[in-house]
Structure formats: C-alpha cells, structure tokens
Undergrad: 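Below you will find the structure I want to go over with you.
By convention in this document, chain letters (A, B, ...) are assigned in the order of the sequence lines, proteins followed by strands, and residues within each chain are numbered from 1. Bear in mind that the values here come from a model prediction, so they are computed numbers and not experimental data.
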Number of protein chains: 2
Amino acid sequence: MRGFDKNDVPSVTVPRLALYLRKLRELNTRGVSRISSKDLAEMIDVNAAQIRKDLSYFGSAGTRGVGYEVEDLIEKITGWLGLDRTWNFIIIGAGLLGTALARYRGFGEQRFRLVAMFDSSATVIGARYGPEESDRVRSVRELDEFCRKESVDIAMVTVPAGEAESTVQRLAEAGVKAVLNFAPVKVHAPEGVLVRQVDLSSELMSLSFYLDKGQDER
Amino acid sequence: MRGFDKNDVPSVTVPRLALYLRKLRELNTRGVSRISSKDLAEMIDVNAAQIRKDLSYFGSAGTRGVGYEVEDLIEKITGWLGLDRTWNFIIIGAGLLGTALARYRGFGEQRFRLVAMFDSSATVIGARYGPEESDRVRSVRELDEFCRKESVDIAMVTVPAGEAESTVQRLAEAGVKAVLNFAPVKVHAPEGVLVRQVDLSSELMSLSFYLDKGQDER
DNA sequence: CCCTGTGAAAAAGTTCACAGCA
DNA sequence: TGCTGTGAACTTTTTCACAGGG
C-alpha cells in the first residue's frame with residue numbers, strides 16, 4: 001500500500017521527475033538542504049505550479065511556508081521512479097554507438113548495470129568492450145539462453161535500421177520488458193513490451209524546421 | 001508567400017512530420033506511389049486523423065477519394081521541414097559519443113554536414129575523426145574564429161555535464177543558432193538559440209518507472 | 001506572511017464524425 | 001463510393017489563484 005497509484009501519474013510527469021531529481025542531486029552536492037518550488041522552477045526553466053502538481057500525484061512531499069527538504073525529496077523521487085534498485089541492461093549492436101554507450105560512465109551512478117553486449121557480425125563478436133576480461137561481445141544466437149539465465153530488464157538497441165524491428169521482436173520473445181531503441185525507425189512495440197525511441201535524425205529535422213522558420217521571419 | 005504560417009504549427013506536429021517522412025521514403029524505395037492516411041497510420045501506429053490534421057496545417061496535400069502521392073508528399077514535407085538545403089553542423093566534445101556521432105553515416109543522406117569537431121583536451125586535439133586528412137579535432141579556442149569564417153548552423157554538444165552550460169553560452173556568442181545537447185543536464189537556452197535535449201538517463205529513468213509499475217501490478 | 005497542495009480555468013493536443021470533392 | 005480536410009467534441013496538460021497549515 002502506497003499513497004498513490006502509478007496509473008494516475010500523467011505520462012509527461014515522469015520525465016520531468018527525472019529532471020527534478022538531477023537538479024536536486026546537484027543542489028545536494030552543493031550543500032543546499034532546502035528549496036522552494038519557485039526557486040527550483042527558475043533553475044530548470046519550468047512553471048512552479050507544474051513542479052508542485054507533479055509532486056502532488058505522489059502525495060505530500062514538502063512543508064507549507066517552508067519548501068522541500070532536498071535530501072528527503074531526492075529519496076522520495078528515487079523511490080517513485082523505481083531507482084532504489086539495480087536494473088540490468090544489455091546492448092544489441094556493437095557498432096560505434098553501442099560501444100560508446102557501453103563505455104559511458106554514468107549509468108552505474110544511476111544503478112543501471114550493463115550485463116552483456118551482443119552483435120551478429122563475426123568481426124566484432126569476442127571483442128572486449130569493458131574493463132573486465134569477461135566483457136566481450138557475444139553472438140546474438142546466445143541471446144535467448146543468456147536472458148533465461150540472467151535477469152535482463154532493459155535492452156538498448158543500436159543495430160542498423162533494417163534489423164531493429166526483428167531485434168525487438170526477438171528481445172520480446174526472450175522476455176525483455178523494456179527497450180530503448182536508437183535505430184532510426186519507429187519499431188512496433190510487442191504486447192507487454194515498453195519501447196522508447198531515441199531519435200537523432202528526428203531531432204535534427206525539428207531543429208531544421210525552426211532554423212528555417214527563423215530565416216523566414218527576417 | 002506560402003499557404004501557411006509556421007507559428008500555427010503545433011510543436012508536437014514537427015517531430016511527427018519527420019516520422020511520416022521517414023516512412024514515406026521507405027515506401028518510395030519500395031515502389032509504393034500512393035498511400036492513404038489510414039494505411040500510413042497503421043504502419044506507424046498513429047491515428048489517421050492525426051496525420052491528416054498534421055498535414056492540413058500546411059495546406060492541402062492529398063486528393064479526396066484517392067490519398068497522397070508518395071513522391072509529392074515527400075517533396076512537400078521536405079520543404080516544410082527546411083530539409084531542401086544543406087545544414088552545416090559541428091560537434092563539441094571528441095569523446096566516445098562525439099566520435100561515434102562524427103562517424104555516423106546517415107546525416108549526409110539528410111543533408112546534414114559535419115564541418116568541424118572541437119575539444120578542449122590536448123590529448124584529442126589533432127586526432128583524425130573522419131575520412132579526410134583535414135578531418136582533425138580542433139581546439140575549442142578556434143571556435144569563434146571558425147564560426148566567423150564558415151557558416152555553422154547547428155552544434156552537437158557532447159562535453160561532460162559540468163561544461164555543457166558554458167559551452168552552449170560560448171556557442172551562442174559565436175552565433176550558432178541551434179544546439180543538440182547530449183550532456184545530462186538541462187542547459188539554459190540563451191536568447192535566440194534553440195536548444196534540444198537528447199537525454200539518455202532521463203529515458204532510462206522513465207523506463208524504470210514503468211518497469212517498476214509493472215511489478216506492482218502482479 | 002510564506003509556500004505548499006489543489007480545485008478550477010485555460011490552453012494544447014487528439015480523436016470523432018461528416019461534409020464535400022474526385 | 002472512398003478518402004481528404006476540418007469543425008466540433010473530447011482528453012490531456014498547463015497555469016492560475018487561493019485556501020490552509022507552519
């Protein structure tokens with residue numbers, strides 16, 4: 001029993017909680033122990049009522065007349081987002097992007113742990129991607145077996161566009177419940193699998209639209 | 001004079017146009033010359049009325065009773081998004097992610113052209129990042145001068161979190177009008193500069209929320 | 001008096017449903 | 001008849017504004 005129902009939380013609130021959490025952690029390391037919604041709002045360029053409303057979906061988190069205790073709020077949001085445990089992830093596709101992600105320090109801090117990396121190409125299978133001797137790229141053929149043995153929560157997909165759909169299908173069959181897709185195609189999410197898109201070319205096209213718009217207005 | 005005003009286009013429509021464009025290009029290479037909003041909608045998992053409404057902000061694009069001509073619509077959306085020209089971009093931060101982006105083939109197809117790469121660390125300045133002999137990482141000290149000589153439209157920022165804010169500030173002073181920020185901090189957008197966030201850890205935290213939610217429901 | 005928590009209003013975005021043209 | 005283009009209804013999200021506790 002908790003004071004809230006996750007289904008009542010608007011989908012737009014979730015990424016904002018991540019944003020608040022990051023700023024709160026920064027404030028905490030800077031020694032700030034208390035903050036008002038107004039001050040936090042100014043720092044991250046959102047509306048103060050937005051912050052208060054977002055937090056209110058989870059129940060009361062602050063003190064009237066005072067504000068929010070930074071450490072306490074960090075702990076609360078961490079719990080709400082399910083970040084008080086470790087999530088295991090794998091990377092499918094050991095190209096440049098996949099390798100860059102594999103070496104990215106910073107997932108660890110957030111308790112996201114890379115447990116394996118897969119590729120279909122013989123030229124990269126066996127290649128070392130991390131500090132441990134055992135951090136070697138595996139064949140995608142081992143995917144099913146690996147997922148059956150080890151608990152895999154999330155998969156990052158960095159395969160070429162043409163292989164993304166079948167890769168996600170395969171991951172779904174192996175029981176992976178969440179996918180972060182970096183391939184420049186919108187993949188169909190299989191039943192019960194959460195798919196999020198990280199879409200570079202789409203971002204660039206948006207920038208292009210607004211840049212072009214700016215030129216019109218001159 | 002054009003049949004529409006870009007300010008009337010909802011901000012959510014723009015990334016969807018990019019999505020439509022991608023699927024239309026795929027259909028085109030597959031030889032499909034005509035498509036209805038209904039069929040396109042099914043393929044990319046959105047509502048058909050959504051597509052028609054999105055397109056309607058730019059005026060009429062199809063034929064009643066028939067549908068949309070694929071090639072014609074590709075050309076139209078390309079123009080609306082400002083993709084009928086080449087956009088020059090630079091990358092600031094020659095770490096793993098920056099280098100992966102620099103080598104990514106696929107920007108060229110979209111007429112985005114990498115014209116320089118910068119870093120502040122002596123250990124990477126001068127390193128080759130592309131096929132040309134002249135594709136070498138420059139010192140950030142050269143940034144201003146470079147931007148004055150060459151036209152730079154977009155900057156991708158792949159520096160550490162702590163340097164992102166000052167980097168964007170510096171880019172703004174150098175006259176860069178659009179920034180794609182990969183650093184895990186929300187940077188304040190200087191007046192007249194368009195900043196878009198590509199935020200991995202935020203995406204992961206969102207996945208965490210929904211994964212955790214799924215567990216509750218069992 | 002200050003700042004949270006929250007109903008209520010406003011704005012933005014999505015979907016429906018149908019008129020109207022090919 | 002078939003499918004677009006679009007007002008209108010509906011849903012979601014944001015912002016306002018203020019009651020109420022510290």
Undergrad: Would you mind telling me which residue lines up with the more 5' stretch of DNA chain D, A:Arg16 or B:Ala61, judged by nearest nucleotide?
TA: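 This one resolves to B:Ala61.
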Undergrad: Can you identify which nucleotide, out of C:dG7, D:dA8, D:dC3, has its nearest atom closest to the B:Ser36 side chain?
TA: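 Closest nucleotide to the B:Ser36 side chain: D:dC3.
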Undergrad: Decide, yes or no, whether a salt bridge links A:Arg22 with B:Asp199 under the criterion of side-chain N to carboxylate O below 4.0 Å.
TA: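 Answer for the salt bridge query: yes.
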Undergrad: Using 4.0 Å as the upper bound for N to carboxylate O, is an ion pair formed by A:Lys6 and B:Asp212?
TA: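 Yes, charged N to carboxylate O under 4.0 Å.
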Undergrad: Looking at the side chain of A:Gln50, which of D:dG5, C:dT14, D:dT14 is the nearest nucleotide?
TA: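 Taking heavy atoms from C-beta onward, the closest nucleotide is D:dT14.
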Undergrad: Is the phosphate of D:dG5, meaning OP1 or OP2, less than 4.0 Å from a side-chain N or O of B:Ser60?
TA: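 Answer is yes, contact under 4.0 Å.
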Undergrad: Between B:Phe58 and B:Phe4, does the ring centroid distance fall short of 6.0 Å?
TA: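 When the ring centroids of B:Phe58 and B:Phe4 are compared, they turn out to be within the sub-6.0 Å range.
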Undergrad: If you check the A:Val12 side chain, which of D:dA17, D:dT13, C:dC16 turns out closest?
TA: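 Shortest atom-to-atom distance from the side chain points to D:dT13.
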Undergrad: The side chain of A:Asn47 lies closest to which of these nucleotides: D:dT15, D:dG5, D:dA17?
TA: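 So the nucleotide nearest the side chain must be D:dT15.
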Undergrad: Identify whether any heavy atom of B:Lys53 sits under 4.0 Å from a base atom; if not, whether one sits that close to sugar-phosphate; answer base, sugar-phosphate or nothing.
TA: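 The residue B:Lys53 makes base contact.
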Undergrad: For the side chain of B:Arg64, counting heavy atoms from C-beta on, which of D:dG5, D:dT15, C:dT4 is nearest?
TA: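 Nearest to the side chain of B:Arg64 among the choices is D:dG5.
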Undergrad: Which angle, rounded to 10°, do you find between the first-five-pair axis and the last-five-pair axis of the helix from C:dC1-D:dG22 to C:dA22-D:dT1?
TA: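 Taking the rotation axis at each end, their angle is 0°.
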Undergrad: Where the side chain of B:Ala49 is defined as all heavy atoms beyond and including C-beta, which of D:dT15, C:dC16, D:dC18 is the nearest nucleotide?
TA: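 Nearest to the side-chain atoms of B:Ala49, counting from C-beta on, is C:dC16.
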